[in-house]
Asker: 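Let me begin by handing over the structure; questions about it come next.
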Amino acid sequence: MRILVSLADLRPGPWIEGLRAALPEAEVEAWQPGAAPADHAVVWAPPQQLLDEQPGLCTLFNIGAGVDALLGLQLPPRARIVRLDDAGMAVQMAEYVCHALIRHFREFDAYEAEAREGRWSFRKPRERDDFPVGILGLGVLGERVAKAVAHFEFPVNGWSRSPKDLQGVRCFAGQDGLRDFLRASRVLVNLLPLTPATRGILNRDTLSALNGGQPGGYLINVARGAHLVEADLIPLLDSGQLAGATLDVFEVEPLPAGHPFWRHPKITVTPHGSARTLRDASIAQIAGKIRAMARGEPVAGVVDPQRGY
Ligand code: NAP
Ligand code: GLV
């Protein structure tokens, strides 16, 4: 069995060593132009040349949850894409979203600003029932985030393509359920995959529907930058329709110097790190799936290219 590794700007060395240790029977190498034919590739945003030169690849193991970059490429005819299935990302996402939510709800950003000025002042406690949290996407990450948010006793709404029944979550599904979901939610967390159906879903119209259409909605975007129509956000913040936004992902990454999001007082920017790929957990998961596939067993995380995730 031969495995090629191509990880954009990540160092392939530690991944190759880890895969060799987990699968001693396999030949594992960094991809280079002209590499000998392989069975599997472990990739992040690989060059089209790799896919063109390896028509016999069976599997592309994506070292992230989102496969939008891969689906934009011309894939080898037989190759299946297998995405990471949690592998330590879900708990990180839960931490990040709970942190952003609680920082906003408890007004810790305002306390930090006042403390910098040496001011000792209290804010009126807010009711968590006035801050229902809506989670777009109830997949591997969205469901884990919903559980974590419910733990802090916020009302939780969730939206997915297919109907769901999750304890403690008011579930909405499909285009028909979107408007009611948005109106019932005040803090909106985006955990959708980027597909033609979800591109631009965070826009003036949808964001204005939050909180029953009243001012005070809050956005946490942790999925992909292209879900947000960036030009719509600042007018909504400046008019007070939205109270703020925490953004981990952007249309162009790294976020360009001089982009207005960097300095806007109601926007918190983080550098696409809400849920990092953990190398050891990811290698263990990929090696486990390769062994299961060799035994002819089904594996989780196989992407449906028609659905786009
Ligand atoms: P997932 O397991 O594939 O879940 C996707 C969810 O979105 C599912 O509930 C799915 O509905 C729903 N969905 C998809 N298309 C929809 C549509 N058109 N309408 C309504 N619901 C739709 O994905 P995941 O593992 O939770 O990851 C979600 C995304 O997070 C990834 O695609 C990636 O872009 C992003 N991500 C970001 C970071 C970061 O560091 N910022 C890290 C990891 C992942 P069904 O359940 O009905 O199929
Ligand atoms: C990161 O953004 C991922 O999709 O895993």
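Positions are given from 1, in the same order as the sequence printed here. Both ligands and their constituent atoms are indexed starting at 1 by order of listing.
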Asker: For the 3.5 Å polar cut-off, considering only N or O atoms, please tell me whether R224 and ligand 2 meet it.
Answerer: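 Yes - when backbone and side-chain N and O of R224 are compared with those of ligand 2, one distance drops under 3.5 Å.
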Asker: Heavy-atom contacts under 4.0 Å between Q175 and ligand 1: side chain, backbone, both, or neither?
Answerer: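 For Q175, there is no contact with ligand 1 at all, from either part.
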Asker: For atom 8 (C) of ligand 1, find the nearest protein heavy atom and state the residue, atom name and distance (0.1 Å precision).
Answerer: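 I find the closest protein heavy atom is G139 N, 3.7 Å.
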Asker: What atoms in ligand 1 come closer than 4.0 Å to a heavy atom of A197?
Answerer: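 It comes down to these atoms of ligand 1: 18 (N).
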Asker: Which residue owns the protein heavy atom closest to atom 42 (C) of ligand 1, what's the atom, and how far is it?
Answerer: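 Answer for atom 42 (C) of ligand 1: A275 O, 3.5 Å.
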Asker: Is the shortest N/O to N/O distance between L194 and ligand 1 below 3.5 Å?
Answerer: no
Asker: Check this for me - ligand 2, A275, N or O atoms closer than 3.5 angstrom, yes or no?
Answerer: no
Asker: What's the shortest heavy-atom distance between D39 and R2, and which atoms?
Answerer: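 Answer, listing the atom of D39 first, then R2: OD2-N, 2.7 Å.
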Asker: Around R126, counting heavy atoms of other residues, nucleotides and ligands shown, do more than 12 lie under 6.0 Å from its CZ?
Answerer: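 More than 12 within 6.0 Å, yes.
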Asker: Do the side-chain N and O atoms of T198 and Y309 include a donor-acceptor pair separated by under 3.5 angstrom?
Answerer: no
Asker: If the cut-off is 4.0 Å to any non-hydrogen atom of K164, which atoms of ligand 1 fall inside it?
Answerer: 45 (P), 46 (O), 47 (O)
Asker: Ignoring angles and geometry beyond distance, decide whether G137 reaches within less than 3.5 Å of ligand 1 through its nitrogen or oxygen atoms.
Answerer: no
Asker: Would you say the ring centroid of F154 lies under 6.0 angstrom from that of F105?
Answerer: yes
Asker: On a heavy-atom basis, which atom in A38 and which in L57 lie closest, and how many Å separate them?
Answerer: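 Here A38 and L57 meet closest at O-CD2, 3.6 Å.
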Asker: Could you tell me which non-hydrogen atom of A226 sits nearest to which non-hydrogen atom of R199, and how far apart they are?
Answerer: CB-NH1, 3.5 Å
Asker: When only distance counts, is A65 in polar contact with ligand 1, meaning an N/O pair under 3.5 Å?
Answerer: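 So ligand 1 has no N or O lying under 3.5 Å from an N or O of A65.
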Asker: Using distance alone, determine whether G66 and ligand 2 share an N or O pair under 3.5 Å.
Answerer: yes
Asker: What closest approach, in Å, do R186 and N211 show between heavy atoms, and which atom pair accounts for it?
Answerer: CD-OD1, 3.5 Å
Asker: For atom 27 (O) of ligand 1, which protein heavy atom lies nearest, and how many Å away is it?
Answerer: L141 CD1, 3.6 Å
Asker: For T277, is at least one N or O under 3.5 Å away from an N or O on ligand 2?
Answerer: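 No.
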Asker: Considering all heavy atoms of both residues, which atom of A245 and which atom of L237 are nearest to each other, and what is their separation?
Answerer: N-CD2, 4.3 Å
Asker: Is any N or O atom of S274, backbone or side chain, closer than 3.5 Å to an N or O atom of ligand 1?
Answerer: yes
Asker: Which residue and atom name correspond to the protein heavy atom nearest atom 28 (C) of ligand 1, and how close is it?
Answerer: L191 O, 3.4 Å
Asker: Answer yes or no: is there a side-chain heavy-atom contact under 4.5 Å between F250 and V269?
Answerer: yes
Asker: For L192, is there any backbone N or O sitting under 3.5 Å from a side-chain donor or acceptor partner on N190?
Answerer: yes
Asker: Say whether Q92 and ligand 1 are in contact under the criterion: heavy-atom distance to a ligand atom below 4.0 Å.
Answerer: no
Asker: Does ligand 1 have a heavy atom under 4.0 Å from the side chain of T195, from its backbone, from both, or from neither?
Answerer: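 Answer for T195: neither.
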Asker: Would you mind reporting whether R103 and T268 have side-chain heavy atoms less than 4.5 Å apart?
Answerer: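 They are in contact (side-chain heavy atoms under 4.5 Å apart), so the answer is yes.
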Asker: In plain terms, say whether K266 and D109 are close enough for a salt bridge, that is, a side-chain N and a carboxylate O under 4.0 Å apart.
Answerer: no
Asker: I'd like to know if E297 and R291 make a salt bridge, using a cut-off of under 4.0 Å between side-chain N and carboxylate O.
Answerer: no
Asker: Which residue supplies the protein heavy atom nearest to atom 32 (O) of ligand 1, what is that atom called, and how far is it?
Answerer: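 Result: P193 CA, 3.3 Å.
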Asker: Could you tell me if the side chain of I267 sits less than 4.5 Å from the side chain of L233, heavy atoms only?
Answerer: yes
Asker: Which word best sums up how the rings of H104 and Y218 line up, parallel for under 30°, tilted for 30 to 60°, or perpendicular for over 60°?
Answerer: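 Geometry flag for Y218 against H104: parallel rings.
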Asker: Using a 4.0 Å cutoff against the non-hydrogen atoms of H272, which atoms of ligand 2 qualify?
Answerer: 1 (C), 2 (O)
Asker: Enumerate the atoms of ligand 1 whose separation from the nearest heavy atom of M89 is less than 4.0 angstrom.
Answerer: 43 (C)
Asker: Quick one: are P47 and W31 in side-chain contact, heavy atoms under 4.5 Å?
Answerer: yes
Asker: Could you pull out, from M93, R83, H227, the option with a heavy atom nearest to atom 38 (C) of ligand 1?
Answerer: M93
Asker: Parallel, tilted or perpendicular for Y111 and F108, by the 30°/60° rule?
Answerer: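 Tilted: the ring planes of Y111 and F108 meet at 30° to 60°.
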Asker: Of all the non-hydrogen atoms in the protein, which one sits nearest to atom 13 (N) of ligand 1, and at what distance?
Answerer: L192 CD2, 3.6 Å
Asker: Looking only at N/O atoms, are Y309 and ligand 1 under 3.5 Å apart anywhere?
Answerer: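 Yes, at least one N or O pair falls under 3.5 Å.
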Asker: Which bit of R161 gets closer than 4.0 Å to ligand 1, counting heavy atoms only: side chain, backbone, both or neither?
Answerer: both
Asker: Taking all non-hydrogen atoms of both residues into account, name the closest pair between Q49 and P33 and its distance.
Answerer: NE2-CB, 3.6 Å
Asker: Considering only the protein, which heavy-atom contact is closest to atom 37 (C) of ligand 1, and what is its distance?
Answerer: V222 O, 3.1 Å
Asker: Between R123 and E107, does any NZ, NE, NH1 or NH2 come within less than 4.0 Å of an OD or OE carboxylate oxygen?
Answerer: yes
Asker: Consider every N or O of V249 and every N or O of ligand 1, then say whether any pair is closer than 3.5 Å.
Answerer: no
Asker: Who's the nearest protein heavy-atom neighbour of atom 5 (O) of ligand 2, and how far?
Answerer: A65 N, 2.7 Å
Asker: Starting from atom 19 (N) of ligand 1, locate the nearest protein heavy atom and write down its residue, its atom name and how far away it is, to 0.1 Å.
Answerer: W159 CH2, 3.2 Å
Asker: Relative to the heavy atoms of H272, which atoms of ligand 1 are at a distance of less than 4.0 Å?
Answerer: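 Reading through ligand 1 atom by atom, the close ones are 39 (C), 40 (O), 41 (N).
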Asker: Is any N or O atom of L138, backbone or side chain, closer than 3.5 Å to an N or O atom of ligand 1?
Answerer: yes
Asker: Please determine if D248 has a nitrogen or oxygen closer than 3.5 Å to a nitrogen or oxygen of ligand 1.
Answerer: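 It does: an N or O of D248 is found under 3.5 Å from an N or O of ligand 1.
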Asker: Quick check: R276 and ligand 1, any N/O pair under 3.5 Å apart?
Answerer: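 It does not: no N or O of R276 is found under 3.5 Å from an N or O of ligand 1.
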Asker: Tell me whether M89 reaches ligand 2 (any heavy atom closer than 4.0 angstrom to a ligand atom).
Answerer: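 Yes, that is the case, since the closest heavy atom of the residue is under 4.0 Å from the ligand.
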